[in-house]
Number of protein chains: 2
Amino acid sequence: MNKKVTINDIALIANVAKSTVSRYLNGGSVSAHTRNKLDGIVKKYNYTPNTFAQSLKQQTNHTIGVIVPRLDSIAQSDMLRGLDELNIDDTFLIINVYQDAARELAAIEKLQSQNVSGLIILTANLTEEIRTVLQASKLPTVIQGQDEQGFNRVIMNDIQAGNIVGDYLKKLAPKNVLLLTVDPTLDYAVGHDRFVGIKSALNDIPYKEVITDFKLDIAKASAYQAMAAENFDLVIGASDRIVVGAMQSAFSLHQNPRYIGFGQSYFSETVTPNLTSFEFSFFEAGKALYRLFRKVRDNESLPIQRVVIAGELTIRDSTSMR
Amino acid sequence: MNKKVTINDIALIANVAKSTVSRYLNGGSVSAHTRNKLDGIVKKYNYTPNTFAQSLKQQTNHTIGVIVPRLDSIAQSDMLRGLDELNIDDTFLIINVYQDAARELAAIEKLQSQNVSGLIILTANLTEEIRTVLQASKLPTVIQGQDEQGFNRVIMNDIQAGNIVGDYLKKLAPKNVLLLTVDPTLDYAVGHDRFVGIKSALNDIPYKEVITDFKLDIAKASAYQAMAAENFDLVIGASDRIVVGAMQSAFSLHQNPRYIGFGQSYFSETVTPNLTSFEFSFFEAGKALYRLFRKVRDNESLPIQRVVIAGELTIRDSTSMR
DNA sequence: TTGTAAGCGTTATCAC
DNA sequence: GTGATAACGCTTACAA
């Protein structure tokens, strides 16, 4: 690495004390004369402060640790885009924890030891251990995903989503519905909240609920099993990907139900027929997360905040009448 | 932030000099006695060194800047996964530059001023300006994507890919082929290299080439225009996503050609029919990148390295005889 | 094996 | 308005 020019070098060249240079750099009072002199020199030597020294001195930095459960998901990258959108002088240190609680814990501890100035956690679920570690730390922290009491959080209004889908499905007047959900202990918002309104709308309509998984092949297999045993004219999946799995099974079984999914993904517009889907703007969620984070960071004594993001149902071909 | 315990605190508690503690921490020679004492204390007080102080002192750190052109791509996140896979004590500082050369340049400069210990750049194309900045810096740098002379690089063997697809398409004996390519000045490897072997295989077969874009809707429109004018029985797209666009256009035009794509994406297995596709393992590419990076970092005088990753053709339903 | 002391590049305090 | 000087937490000669 090339020897970087330091504040000392600048001071020497300008023939002033380094404290003067420091003041100059940080907007303290300096005479017009020295200011001019330094303007030139700093530009000429392309001086940039050493961030380590700054951080060491100031006992803080502008790095925010961002924990992502996975990166191969449009929802996640949209949230990250939302963070970037509003960011000016923070640095996001993104750690992918591959949906693994142990890695998540390790990541949090590593970030803490790296003295990040805060944590933004895009998570599906917090384990008890992680909850404890987070609460013990004094770091400003904001989470996304689950409605965790005791944490500053941005959540999706999954209850409302279920209600809206419930209202809509009544209009479709299905005869037999397949619900493909996920284990609520793994993801309560998705596995439970999203289906409250749906189930209540299905009050007098026959339906079958199958708990499956976010993974495409598992969802596909679950759907196949259910659809081979029984005929459905409407399939509702906890996520778009799950619905795609069901579509593939239906295809091989020569069945042709209607479909409703959740989430905003590649899928809704790339599969045929295009998917009717309840969509949340994760981009907006990302922006909300960052706004909330700043609020929390800049205000020590703020009570726990809870921000709720609404979504909307986008009707596409997969629920057209046939 | 809670006052973190420092090496000084540990030294005081243990009643030794802080240099002894430092030696203990860094595997220097310490007596069994002090070692035992320190073992306990360090554990008890949960001491972790202040990374700023370390970095400041050592004039380097274990952070590697990683520049990604986009994050909403399976190829990119697979490469990042490859990096993570092999990583032990480095920290990746991932910056998404949204396929924007200005952002990319800014990111590089910011990373340099943050004193990262190296750069891994997953890029589609380097601008002249970026090339200059990178070459001026002494940072160990590894790039991926294009076969840039003068840079340590990991590239995909797109020439070979085109040859293999060329060989295969001859067996399909198509009557009229649609090639959906991209602008080679924007991505030479994809826009040019991938199609060399294909075009030479199409030597005596009629074909039409249309230059389109990686974006789904643009590809869809381009394909529509071409397919509305003329009938094709085989469509080859520069990427899977482009092929998906073509599929949708074919669907609305009630045409039913065969398809070949490139890349390893969600698409190949979620669209119907599943896509025959030439696939590269971006996960392996990520691992190769990191291996190469370490080699470059740990060996000052290494000549420029060039690593080539091969891929393979996976035949699925979209080219089945009909 | 251990301790002393200097120094990494900053910022902040306090005389001048 | 300016300049010594100390301090942030750590590593490393060098001396003991």
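Protein chains get the first letters and strands the later ones, always in sequence-line order, with residue 1 at the start of each.
- Residue Ser55(A) places none of its side-chain N or O atoms closer than 4.0 Å to OP1 or OP2 of dT10(C).
- Between the side chains of Thr6(A) and Asn8(A), no donor-acceptor pair is found at a separation under 3.5 Å.
- dC10(D) atom P lies 13 Å from atom CG of Leu12(B), rounded to whole Å.
- Counted by atom type alone, Ser31(A) and Thr34(A) present one or more donor-acceptor pairs between their side chains at under 3.5 Å.
- The CG-P distance, from Asp9(A) to dC8(C), rounds to 10 Å in whole Å.
- Under 3.5 Å, the side chains of Arg70(A) and Ser73(A) contain no donor-acceptor pair of N or O atoms.
- In this structure, Arg35(B) atom CZ and dT2(C) atom C1' are separated by 14 Å, rounded to whole Å.
- Under 3.5 Å, the side chains of Asp187(B) and Gln146(B) contain a donor-acceptor pair of N or O atoms.
- Counting to the nearest Å, the C1' atom of dA6(C) and the CG atom of Leu56(B) are 13 Å from each other.
- In this structure, the CG atom of Asn61(A) is 15 Å from the P atom of dG9(D), given to the nearest Å.
- Between dC8(D), dT1(C), dG3(C), one nucleotide has an atom nearer to the side chain of Ser31(B) than all others, and that is dT1(C).
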Contact state string [nucleotides 11-16 of chain D, B base, S sugar-phosphate only, - no protein heavy atom under 4.0 Å]: BB----
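- Side chain to side chain, Tyr47(A) and Asp9(A) fail the donor-acceptor criterion of an N or O pair below 3.5 Å.
- Under the side-chain contact (heavy atoms from CB on, under 4.5 Å) rule, Pro140(A) has a single partner from Arg294(A), Arg297(A), Glu300(A), Lys295(A), which is Arg297(A).
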side-chain contact (heavy atoms from CB on, under 4.5 Å) between Ile309(A) and Asn157(A), intermediate numbers included: CA-CA 6 Å; Ile309(A) 305 274; Asn157(A) 199 338; over 6 Å; no
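- Side chain to side chain, Tyr24(B) and Asp39(B) meet the donor-acceptor criterion of an N or O pair below 3.5 Å.
- Going from atom OH of Tyr24(B) over to atom C1' of dG9(D) covers 18 Å, rounded to whole Å.
- An end-to-end axis angle of 40° holds for the helix from dT1(C)-dA16(D) to dC16(C)-dG1(D), taken from five base pairs per end and rounded to 10°.
- Residue Thr6(B) places no side-chain N or O under 4.0 Å from the OP1 or OP2 atom of dC8(D).
- Asn8(A) places its CG atom 11 Å from the P atom of dA4(D), with the value rounded to the nearest Å.
- What separates NZ of Lys37(A) from P of dG1(D) is a distance of 15 Å, to the nearest Å.
- In summary, Lys287(B) and Asp78(B) do not engage in a salt bridge, as defined by a charged side-chain N under 4.0 Å from a carboxylate O.
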